[in-house]
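As structure tokens, the structure follows; a few thoughts come after it.
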Protein chains: 2
Amino acid sequence: MENELCQYICPVESTLDVIGGKWKGIVLYKLLERPRRFSELKRELPTITQRMLTLQLRELEEDGIVHREIYKQIPPKVEYSLTDFGKTLEPILLAMLTWGGQYTSQIIERRSTRKAQSAS
Amino acid sequence: MENELCQYICPVESTLDVIGGKWKGIVLYKLLERPRRFSELKRELPTITQRMLTLQLRELEEDGIVHREIYKQIPPKVEYSLTDFGKTLEPILLAMLTWGGQYTSQIIERRSTRKAQSAS
DNA sequence: CGGCATCCTCCGGGATACTG
DNA sequence: CAGTATCCCGGAGGATGCCG
């Protein structure tokens, strides 16, 4: 993130800069299904910290990918959703979803066997 | 990278884990066009360090995405190319390429104006 | 040419505590 | 509930130098 004056060498780079944050993939995937409250996301991403979830959402918001709707009430309620701009990422997210679905196990196995080898 | 026993929450996550390295996007994009020598990649990615290029290529190699062909000769020549497995990433890379091509300028402008605001 | 090895810096990101 | 504010550590990643 934060490339300021850095010119991108190719478009793939800038795309990854937008969606490549550590938790952005999962967050976007969840928001692709439907809008979610902060606490929902937090619950569905058991290992993320509150702080990181906030930070990642802020970055997505600043890039215009995510909309933050605040309901003035007690207790507070904040709902996150994809903007129209954010929805233009859908083909990419679906492509990643498909690929991951097909090959994740392969990647995991390959990495674990490699690890086993290096231990021998 | 390096998730060992960490279970992925969703497939998008694992996909990003494979292609989400800082330089992997550009490297894959270049290799999608055609195989390249190490020095070619280095030249086309002016800001990457030799060390990082090596590391990123090694990770892609260990994940079975990239093939490393060594030509025994003096001076040495090493050529990198996408494996068949690596080529399964093509739809994702093309989707990212398309998106980036359409919206990169928008992202850059948005980020720069945000920066200008925060300076006021 | 295409690498490792080393050293060192910086900041991503976790833990914890406090607030409207 | 949905955040900020601090503190702090590990590891990503840069610079440099040597090697087959």
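What you are looking at is a predicted structure, and each value in this text was computed from that prediction instead of being measured. Reminder, nothing fancy here: chain letters follow the sequence lines and each chain counts from 1.
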I need the [X] [atom1] to [Y] [atom2] distance, nearest 0.5 Å.
X     : Y      : atom1 : atom2 : value
A/R68 : A/L57  : CZ    : CG    : 9.0 Å
B/I26 : B/K30  : CD1   : NZ    : 8.5 Å
B/Y8  : A/I107 : OH    : CD1   : 7.5 Å

Q.
Of the listed nucleotides (C/dG14, C/dG2, D/dG3), which one gets closest to any side-chain atom of B/V78?
A. C/dG2

Protein-nucleotide distance ([X], atom [atom1]; [N], atom [atom2]), rounded to Å:
X     : N      : atom1 : atom2 : result
B/K72 : C/dC1  : NZ    : P     : 19 Å
A/E79 : D/dA2  : CD    : P     : 10 Å
A/L57 : D/dG3  : CG    : P     : 8 Å
B/K77 : C/dC1  : NZ    : P     : 13 Å
B/R68 : C/dC1  : CZ    : C1'   : 12 Å
A/I70 : C/dG20 : CD1   : C1'   : 12 Å

Q | C/dG12 OP1/OP2 closer than 4.0 Å to side-chain N/O of B/K22 | A | no

Q. Counting just side-chain N and O atoms, does B/R58 come under 4.0 Å of either OP1 or OP2 of C/dC4?
A. yes

Q: Examine distances only and state if a side-chain atom of A/Q106 and a backbone atom of A/Y103 form a donor-acceptor pair shorter than 3.5 Å.
A: no

(Q) Using modelled atom types and a 3.5 Å cut-off, is there a donor and acceptor pairing between side-chain atoms of A/E40 and backbone atoms of A/R36? (A) no

Q) For residues 25-56 of chain B, which residues have at least one heavy atom under 4.0 Å from DNA chain C? A) B/R37, B/F38, B/S39, B/Q50, B/R51, B/T54

Q. Looking for any heavy atom pair under 4.0 Å, which part of the strands does B/Y80 touch: base, sugar-phosphate only, or nothing?
A. sugar-phosphate

Q.
Classify the ring geometry of A/W99 against B/F85: parallel below 30°, tilted from 30° to 60°, perpendicular beyond 60°.
A. parallel

